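Quick caveat: nothing in here was measured; it's all calculated off a predicted structure.
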Amino acid sequence: MSEFDAQAPPRVIVTTDPELDDLNSMLRLLLYSNEIDIAALVYSSSRFHFAGDEARGIAPHRWPAPGQKLHIDIAIDAYEKSHANLVRHDPRYPDPDALRGLVRVGNIRTEGDVQEPTDGSELVREALLGKAPGRVFAQAWGGTNTIARALMSIEEAYRDTAEWRDVHELITRRTVITSFAEQDSTFREYIRPHWPELEFRDVATTAWGYFAWDVVPDEASAYLSAEWMRENVTRVGPMGAEYRVWGDGKQLAAGFDDEDYFGLADASDDQLSARGYRVWAPVRPAGSWISEGDSSNFALHIDNGLRNAEHPTFGGWGGRQEPDPDDPHRWRSVGWSKMFDAPITDAGEVGQWYGAIQRDFAARLRWTVTSDFEDANHAPRVSSLGPTDRSVRPGDSVEFAFTAADPDDDSVRVIVRLDAQASTCRADVAATDAGCRVDVSSDARRGDTVSVIVEAIDDGDPPLTGYARFALTVT
């Protein structure tokens with residue numbers, strides 16, 4: 001079987017159900033498709049959304065009407081209208097037809113549908129088995145059922161063959177499933193019992209979702225506002241026009257959906273309840289942020305220097321995970337709480353990055369309407385002049401050399417700091433002429449880690465940030 005390099009760029013499989021935040025996440029994903037290797041874009045079900053199965057007497061649940069265009073296709077159509085400008089900012093943006101060639105319908109009939117192979121599950125199966133330079137991240141923006149069906153098909157094809165052991169080992173070693181919580185039972189009931197060492201990362205993050213208002217720092221709350229969203233998102237080109245905001249008059253599901261009141265403007269919680277809606281998230285001003293709950297799945301892979309996907313404990317725009325005490329191959333989102341019966345917290349600590357995240361989004365949307373590279377802003381890059389990972393001893397002092405450059409020749413302000421959340425011991429960090437110096441605490445113990453973040457912030461419009469992460473391990 002083929003080998004892979006854990007440090008090589010990963011391939012990404014997306015399975016997604018038709019919720020409004022999935023549309024928003026899909027639009028943002030396509031704006032980063034120049035630096036994310038997408039292998040599949042597959043419609044799937046969840047306990048919140050399924051298409052129904054007439055033969056089995058199962059009615060559709062919060063699913064678009066037959067013939068209605070679904071959210072992946074909506075996003076790609078808007079991307080196609082923007083593509084000619086996007087490639088002027090980065091020629092790596094994929095052709096719209098190439099993206100359409102990755103779209104399939106997976107297992108959508110019911111919650112946890114794994115009844116039979118589908119076009120979508122077969123494409124996922126091919127991506128899991130196919131050649132890939134690095135890891136393969138299978139993302140569940142809805143349930144894990146289409147991914148589970150692909151794994152079932154692999155097991156059914158190889159289980160009784162001499163190749164099964166090698167196939168099972170390859171899939172286990174290089175596949176990572178990421179999911180915003182478990183939105184059906186297929187991971188628990190099939191994937192974990194049959195693939196016991198396959199890595200699973202729960203990337204649920206409050207700051208990307210419907211309750212971002214409760215955890216985004218005060219200094220970044222403006223990026224949720226109707227004023228900011230109108231100026232930087234919804235009035236910016238075809239992709240911005242498709243982005244869902246409060247009170248926009250849109251809905252995705254057919255018929256009356258008692259959980260989808262987000263398109264209604266100027267209605268109070270009591271008025272919505274009187275009309276039969278189940279008000280589960282507070283009403284916000286018309287035009288403001290709703291949610292992108294599933295963006296944490298692919299924000300791990302944005303090439304900003306934080307190395308978010310390399311190791312769950314690093315953290316970054318996609319959140320940070322910690323070991324699950326009940327499963328040695330599972331990682332849970334840091335600080336995650338079930339928001340309906342516990343205090344709302346910033347799972348994965350994404351809130352600290354929120355301003356930079358939104359400014360980067362705004363800049364890329366401007367690319368969609370700007371034909372000249374010189375007329376838009378692009379993020380600075382931090383380049384290491386040596387290894388990014390070091391082994392150290394307690395009390396050691398080490399230096400990292402790096403450069404920070406801006407593609408637009410903007411001025412760049414550099415900040416170096418200890419990432420306390422990703423570090424397990426104390427260290428002092430200071431800027432130097434060549435980069436930074438790290439003084440490891442003398443009481444550090446074997447196995448402790450120190451994580452140092454470099455932030456390079458330009459003075460463009462909007463200001464954009466590039467990063468580097470240096471990691472030390474005490475031996």
Side-chain angles (χ1 to χ4, degrees), residues 9-14 16 21-41 69-103 139 141 223 228-245 292 294-295 297-305 309 317-318 356-381 405-410 458 460-467:
R11 304 207 76 195
V12 168
I13 296 163
V14 175
T16 169
D21 68 331
D22 290 56
L23 170 59
N24 286 352
S25 291
M26 186 60 60
L27 288 162
R28 192 182 297 246
L29 169 64
L30 296 183
L31 286 172
Y32 288 91
S33 60
N34 59 321
E35 54 193 52
I36 296 176
D37 181 8
I38 301 172
L41 297 167
K69 186 169 288 188
L70 299 183
H71 63 287
I72 301 176
D73 297 277
I74 291 171
I76 293 177
D77 285 352
Y79 172 85
E80 181 176 36
K81 297 173 184 176
S82 309
H83 184 257
N85 284 331
L86 285 170
V87 293
R88 295 176 183 269
H89 298 272
D90 191 332
R92 296 177 297 168
Y93 275 105
D95 184 88
D97 287 337
L99 290 172
R100 287 195 180 93
L102 303 176
V103 180
Q139 302 180 4
W141 297 13
Y223 298 106
W228 191 88
M229 295 295 290
R230 279 194 293 267
E231 180 179 351
N232 295 280
V233 181
T234 55
R235 292 180 179 173
V236 184
M239 297 185 76
E242 294 292 355
Y243 191 91
R244 292 294 311 274
V245 290
E292 280 187 48
D294 296 298
S295 293
N297 283 278
F298 69 83
L300 294 168
H301 304 291
I302 292 173
D303 183 23
N304 57 18
W317 290 7
I357 288 169
Q358 288 293 78
R359 291 191 298 271
D360 207 79
F361 182 42
R364 287 177 181 248
L365 280 170
R366 290 189 194 179
W367 297 356
T368 69
V369 295
T370 307
S371 58
D372 291 330
F373 186 93
E374 295 78 10
D375 292 337
N377 197 21
H378 308 83
R381 306 289 295 186
D406 188 86
D408 310 304
D409 293 326
D410 293 331
D458 72 15
D461 179 23
L464 301 179
T465 307
Y467 306 88

**Prompt:** What salt bridge (Lys or Arg N to Asp or Glu O under 4.0 Å) pairs are there with at least one residue in residues 27-36, not counting sequence neighbours?
**Reply:** Arg28-Glu292, Glu35-Arg364
So, do [X] and [Y] sit near enough that their side-chain heavy atoms are less than 4.5 Å apart?
X	Y	result
Arg366	Asp461	yes
Asp21	Trp141	no
Ile36	Phe298	yes
Asp294	Thr16	no

**Item:** Ring geometry between Tyr243 and Phe361 (parallel below 30°, tilted from 30 to 60°, perpendicular above 60°)
**Value:** tilted
Closer than 3.5 angstrom, by distance alone: can the side chain of [X] be matched with the main-chain N or O of [Y] as a donor-acceptor pair?
X	Y	answer
Gln139	Asn297	yes
Ser33	Leu30	yes
Tyr93	Ala84	no
Arg359	Pro463	yes
Asn34	Arg92	no

Of all heavy-atom pairs between [X] and [Y], which one has the smallest distance, and what is that distance?
X	Y	result
Leu102	Ile38	CD1-O, 3.3 Å
Pro407	Pro380	CD-CA, 4.1 Å
Ser25	Ser295	OG-OG, 2.9 Å

**Any pair counted as side-chain hydrogen bond (donor to acceptor under 3.5 Å, both in side chains), so long as it reaches residues 367-377, sequence neighbours left out** = Asn377-Asp458
Nearest 0.5 angstrom please: [X] [atom1] to [Y] [atom2], how far?
X	Y	atom1	atom2	result
Leu70	Ile76	CG	CD1	11.5 Å
Ile357	Ile302	CD1	CD1	7.5 Å
Leu29	His301	CG	NE2	10.0 Å
His89	Leu31	NE2	CG	11.5 Å
Met26	Met239	CE	CE	10.5 Å
Glu242	Ile74	CD	CD1	6.0 Å

**Message:** Between Thr465 and Asp360, is the side-chain contact (heavy atoms from CB on, under 4.5 Å) condition met? List the steps.
**Reply:** CA-CA 8 Å; Thr465 307; Asp360 207 79; over 6 Å; no
**Side-chain ion pair, Arg100 and Asp77, N-O less than 4.0 Å** = yes
**Message:** Regarding Tyr32 and Asn304, do their side chains bring together a donor and an acceptor under 3.5 Å, going by distance alone?
**Reply:** no
**Message:** Once ring pair (Phe, Tyr, Trp, His ring centres under 6.0 Å) is applied, do any residues pair with Tyr79, and if so which ones, sequence neighbours excluded?
**Reply:** His83
